[in-house]
Amino acid sequence: MGIIFNEKSGEFHLFNNEISYIMKILRNGQMGQLYFGKKVPVKETYDYLVENRYRPVTAYVYENEYSFTLEHLRQEYPAYGTTDFRMPAVEIAQKNGSTITNFTYVSHKIYPGKPKLSGLPATYTEDDSEADTLEILLCDKLLNVEMTLLYTIFQNENAIARSVRFKNNSEEKYQLTTAMSMSIDLPDDEYEWVQFSGAWGRERYVKDRKLQMGIQSVGSTRGASGHFHNPFVILKRPNADEFQGEAMGFSLVYSGNFLAQAEVDTYHVTRMMMGIHPMGFSWRLGTGDTFQTPEAVMVYSCEGMNGMSQTFHRLYRTRLARGYWRDKERPVLVNNWEATYFNFDEDKLIEIAKTAKEDGIELFVLDDGWFSTRCGETSGLGDWWANTDRLPNGIKGLSERIEGLGMKFGLWFELEMVNKDSELYRSHPDWILQTPGRSASHGRKQYVLDFARKEVVDYIYEMVAKILRESKISYIKWDMNRNITECYSAAYGADQQGEIFHRYILGVYDLYERLTSEFPEILFESCASGGGRFDPGMLYYAPQAWCSDDSDAVERLKIQYGSSYAYPISSVGAHVSIAPNHQVARNTPMKMRGDVAYFGAFGYELDLSRLSEEERALVKEQVAFVKKYRKLLHTGSYYRLKSPFEGNITAWAVVSEDKKQAIVGYYKVLNDVNCEYRRLYLQGLDENLCYEVEADGKPEGSFFGSEMMNIGLVTTDASAGENHVGEDACGDFWSRIYVLTAKEA
């Protein structure tokens, strides 16, 4: 692995055992892009990849010369207006009204390891030998503004992390209005664009289409990454599938407004960019001021999309998630929300916890309604002290009672919001985001606190820290239930209002950092009405996220399948809830609900005391199964086998690192009649090992890995023929869990 600079050719070559990334200082001093993909040899020059011919109706950089134009050059971090007419990665508004820039090469640094990004989440290394970093310093000499392009290539992953840092060394004041985290010009457009889109309750559905000339993009201007589009896209070759062919994934480690965009010009060049959404964004660069963009992670795979996903899984699970809980087995929990909503008191909570303890559950989580005057959604947010009418012994007393049962205790917060019916709002009505002279929109009767202001973050921190210091709290569910409107902060002047969306997210990150630093052994789970801020930025602070409020097992097949393209299943909050389901009113068997939720951070959202004896017995079996296999489920290699977006059957699997164990989830949504015999072709096994196979705990036989990957695992069920009612019968919402264990030699 290494980063090589050829001074003679002006080329940089970043490489490890699998990939290469090559770029060049162009003759005008700007950076050109040459190659990103499968590893190629280190050689004197790849200059032949710089093609720049005369074309009609083109502007040229040098007077009396028709051989150098940025319009037809592949660039590394382009600007607009100096012969390039495509969308730019950077734009700076100047005192005279111009936005033209010209950043040219000054110097570079190559060093082992990876730097931290101040105030921002980012991937990291634990040892300098894990990665190498390149910093390229460029300067616009007229503006006297520096721009540093940062690249880190990881030794053992096909991944490159990128970001950009700006510094104003002049006496002038500028407005940075576009600052993407990465841009790359690819030599052709033979790609399919894959995005992960939806809405509340149906997040991260897989959507794909062929790239076309023009612009394709997804993004958010809601103040959060959002339910609607995820800050992650894939460009894959048309012949690529899950297990073969080229695929590139682009992921933004950020939780606020974002843009992911592919622009295809009429010469079939594809410009892929990702970063903070430029709409409404500007950042004042005064003398000596700096601005650091969020990090973007690019992954290349020649082994299909599943190979790409496994790179993201390993990197994000072990070098983005941090702290005490990163590598620990996550506790099985029960959350009281769908069991009680706001209708509870301390004795009711203890009753639920006692029942959960009997079933082997390890963590009881108290959701909304425990604080201040909170008896519904209209009051109390912002006043983080216990409602002693409901909890006469406060959170301290309740947490001690829960721990006395032999369980851990967790608590729900929504720290970024306030109700007008609250002591906080009555004392500080100016602490919400609102535009002077205009009405403030609400969502669920709540308003967004101005986390761009340090005093607001400090106030919330002290209230929360007081509770955590006094009580026995092992888990926090951090919720966020509305997006930002009327984004204006009374604490900043007119020339800084374009900074507020970003400063808000920096405030969220600051509060997370302070709480996780003071209370490192608390397990944080992020949430935003489910999947409204399910992104890599949150994963840096909270190693798991409630990925959707929709807990219906059928819907979760799509939600969890789509999430798996970038996110490790250890990060996916997945719970068994009541039936009929509270989101879609669907009745699914307890077994299928558990079989789906196994492939995530497992828990329950129901009142266990209301279940039948048969259901309670199944809960105990599910809890025992999770405790036995959760390490494998969370750290094994994940394989998508059959897509819920393509048929009635979904299948996925997790295989241990040594390939001696595997767990396969197999799900049929609607039953069929007199159907064909079926086989499932597995992946990732050792072809020479013989595995004992159990289906739902019953022996199925012994099969070699080569058999199950090439011939297939027989998954035929009772619907292949006449499906009589009985022990082996199957119906709608039917599932099986296969456990594969290698036989001893």
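Counting begins at 1 with the first residue of the sequence.
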### Task
Carefully, step by step, assess Arg330 and Gln544 under the rule side chain to side chain donor-acceptor pair (under 3.5 Å).
CA-CA 9 Å; Arg330 310 287 167 74; Gln544 62 190 56; 3.1 Å; yes
### Query
What do you reckon, is CZ of Arg209 surrounded by more than 12 foreign heavy atoms closer than 6.0 Å?
yes
### Query
Should the pair Phe85 and Tyr80 be assigned to parallel (<30°), tilted (30 to 60°) or perpendicular (>60°) ring geometry?
perpendicular
### Message
Under 3.5 Å, is there a donor on one side chain and an acceptor on the other for Tyr504 and Glu416?
### Response
yes
#### Entry: Worked check of side chain to side chain donor-acceptor pair (under 3.5 Å) between Asp368 and Trp337
CA-CA 7 Å; Asp368 195 358; Trp337 180 241; over 6 Å; no
### Query
Is it true that the NZ or CZ of Lys477 lies under 6.0 Å from the centre of Phe413's six-membered ring and within 45 degrees of the ring axis?
no
### Query
Hey, would you say the His634 and Phe602 ring centroids sit under 6.0 Å apart?
no
#### Entry: Heavy-atom donor-acceptor pair, Asn230 side chain to Phe534 backbone, under 3.5 Å
yes
### Residue pair Tyr604, Asn335: steps toward the side chain to side chain contact (heavy atoms under 4.5 Å, CB included) verdict
CA-CA 6 Å; Tyr604 291 89; Asn335 184 300; over 6 Å; no
### Task
Identify whether NZ of Lys or CZ of Arg in Arg165 sits under 6.0 Å from the centre of the six-membered ring of Phe291 and within 45° of that ring's axis.
no
### Task
For residues Tyr541 and Trp478, establish whether the separation of their ring centroids is below 6.0 Å.
no
### Task
Indicate the ring-plane relationship of His582 and Tyr341, choosing parallel, tilted or perpendicular according to the 30° and 60° boundaries.
parallel
### Task
Would you check, one step at a time, whether the test side chain to side chain donor-acceptor pair (under 3.5 Å) holds for Arg586 with Asn581?
CA-CA 5 Å; Arg586 181 183 283 124; Asn581 177 265; over 6 Å; no
### Task
Report yes or no: do Gln175 and Gln496 form a side-chain donor-acceptor pair below 3.5 Å?
no
### Task
Output, in order, the C-alpha distance, side-chain angles, deciding distance and verdict of side chain to side chain donor-acceptor pair (under 3.5 Å) for Arg533 and Ser255.
CA-CA 6 Å; Arg533 207 160 58 186; Ser255 308; 5.3 Å; no
